[in-house]
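Report on one structure; see the data block that follows.
Values reported hereafter were calculated over all heavy atoms of this structure, with side chains retained and with hydrogens, waters and symmetry mates removed.
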Amino acid sequence: MSIDDLAKAYEAATHEFLEIAQSVPESKLDVHAGEDWSSRQVIHHCADSEAQSYARLRRLVAEPNPIIQGYDEAMWAKDQTLGYTTLPVENSIAVFKAVRAASLDIIKRLTPDQLELKGTHTEVGEYSLKRWIETYTRHGNDHAEQIKKNLLL
């Protein structure tokens, strides 16, 4: 895949997530199946995850073999102070939108050689910039699907 193709896929995933996240009615924000996250929790998680990804991308571009710190997303989702089950979603949607736009600006500036820049992820080991793009493209798509399923409940 070319840089342009990767950028287009990332941008499409961003739009897909934003479209569905912004369409969730207040009455459906906390609906979920079993142990799955509600749409509210998904939206807050995506904002936090994208804030992490924003820093990861820049470290992969600017630093030689950076350490990419993992985090326990399930613990974040349960933390009462972080408010995944109670806070309004508007700020998290704004964070997601802004961070994805800023990251897209960087993706579009990459050279093919930069796709092979690597760091070490604390949970998965070797982690290339290309893998970062693929991971965060899928991340937007996967969580958009999760919200769509919640809306059917």
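To the nearest 0.5 angstrom, Glu126 atom CD is 8.5 Å from Asn65 atom CG. Between Leu117 atom CG and Arg131 atom CZ the span is 15.5 Å, to the nearest 0.5 Å. Considering CG of Leu151 and CG of Leu29, their distance stands at 9.0 Å, rounded to 0.5 Å. From Glu19, atom CD reaches atom OG1 of Thr14 across 12.5 Å, with rounding to the nearest 0.5 Å. A distance of 8.0 Å separates CG of Leu87 from CZ of Arg40, quoted to the nearest 0.5 Å. Rounded to the nearest 0.5 Å, atoms CG (Leu6) and CD (Glu11) are 13.0 Å apart.
Partners of Ala77 according to the side chain to side chain contact (heavy atoms under 4.5 Å, CB included) rule, which considers only residues two or more places apart in sequence or in another chain, are Trp37, Tyr84. Glu145 pairs by the salt bridge (charged side-chain N to carboxylate O under 4.0 Å, His left out) definition with Lys148, not counting sequence neighbours.
Surrounding CD of Gln22 are more than 12 heavy atoms belonging to other residues, nucleotides or ligands, all under 6.0 Å away. For Lys28, the NZ atom counts as densely surrounded, since its 6.0 Å shell holds more than 12 non-hydrogen atoms of other residues, nucleotides or ligands. In Gln80, the CD atom is not crowded: 12 or fewer heavy atoms of neighbouring residues, nucleotides or ligands sit closer than 6.0 Å. For CD of Glu63, the number of neighbouring non-hydrogen atoms (other residues, nucleotides, ligands) closer than 6.0 Å is greater than 12. Other residues, nucleotides and ligands place more than 12 heavy atoms under 6.0 Å from the NZ atom of Lys118. The local environment of CG in Asn91 is sparse, with at most 12 non-hydrogen atoms from other residues, nucleotides or ligands closer than 6.0 Å.
Hydrophobic clustering (side-chain heavy atoms under 4.5 Å, transitive across Ile, Leu, Val, Met, Phe, Trp, Tyr) keeps Val95 apart from Ile106. Under the 4.5 Å side-chain heavy-atom criterion for grouping Ile, Leu, Val, Met, Phe, Trp and Tyr, Ile68 is connected to Leu110 within one hydrophobic cluster. When the side chains of ILVMFWY residues are joined at heavy-atom separations under 4.5 Å, either directly or via intervening members, Ile93 and Val99 end up in two distinct hydrophobic clusters. Hydrophobic clustering (ILVMFWY, side-chain heavy atoms < 4.5 Å, transitive): Val124 and Ile133 are in one cluster. Criterion: ILVMFWY side-chain heavy atoms under 4.5 Å apart, direct or through other members. Under it, Leu57 and Met1 are part of a common hydrophobic cluster.
Pairing each heavy atom of Leu104 with each of Ala7, the nearest pair is CD1-O, 3.6 Å. Counting all heavy atoms, side chain and backbone alike, Arg58 lies closest to Ala102 at NH2-O, 3.3 Å. Closest approach of Ile20 to Ser23, counting heavy atoms only: O-OG, 2.8 Å. Nearest heavy atom pair, residue His44 against residue Pro88, reads CE1-O, 3.0 Å. The two atoms that bring Ile3 and Ile107 nearest to each other are CG2-O, 3.3 Å, heavy atoms only. The two residues Ser92 and Ala47 have their closest heavy-atom pair at O-CB, 3.4 Å.
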Applying side-chain contact (heavy atoms from CB on, under 4.5 Å), run through Leu129 and Val61 and close with a yes or a no. CA-CA 8 Å; Leu129 206 151; Val61 168; 3.5 Å; yes

Go through it in stages, so that I can follow the logic: the residues are Leu18 and Phe96, the test is side-chain contact (heavy atoms from CB on, under 4.5 Å), and I'd like the CA-CA distance, side-chain angles, deciding distance and then a yes or no. CA-CA 8 Å; Leu18 286 170; Phe96 181 91; 3.6 Å; yes

Given side-chain contact (heavy atoms from CB on, under 4.5 Å), test Leu60 with Gln114 step by step and report yes or no. CA-CA 9 Å; Leu60 285 164; Gln114 286 177 301; over 6 Å; no

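Side-chain N/O atoms of Ser38 and Gln41 include a donor and acceptor closer than 3.5 Å. With no hydrogens or angles considered, a side-chain donor-acceptor pair links Asn141 and Glu16 at under 3.5 Å.
Here the side chains of His139 and Cys46 are in contact, with some heavy-atom distance below 4.5 Å. Looking only at side-chain heavy atoms (C-beta outward), Ile147 and Val24 come within less than 4.5 Å of each other. Side-chain contact between Glu73 and Tyr71: present, with at least one pair of heavy atoms (C-beta onward) separated by less than 4.5 Å.
In summary, Arg109 and Asp105 do not engage in a salt bridge, as defined by a charged side-chain N under 4.0 Å from a carboxylate O. Under a 4.0 Å N-O distance rule, the pair Glu50/Arg56 does not qualify as a salt bridge.
Taking the six-membered ring for Trp and thresholds of 30 and 60 degrees, His143 and His45 have ring planes more than 60 degrees apart, a perpendicular arrangement. Taking the six-membered ring where the residue is Trp, Trp132 and Tyr136 present tilted rings, their angle falling between 30° and 60°.
One N or O on the side chain of His32 and one on the backbone of Asp36 form a donor-acceptor pair closer than 3.5 Å. Of the possible donor and acceptor atoms, none in the side chain of Ser128 sits under 3.5 Å from a partner among the backbone N and O of Glu116.
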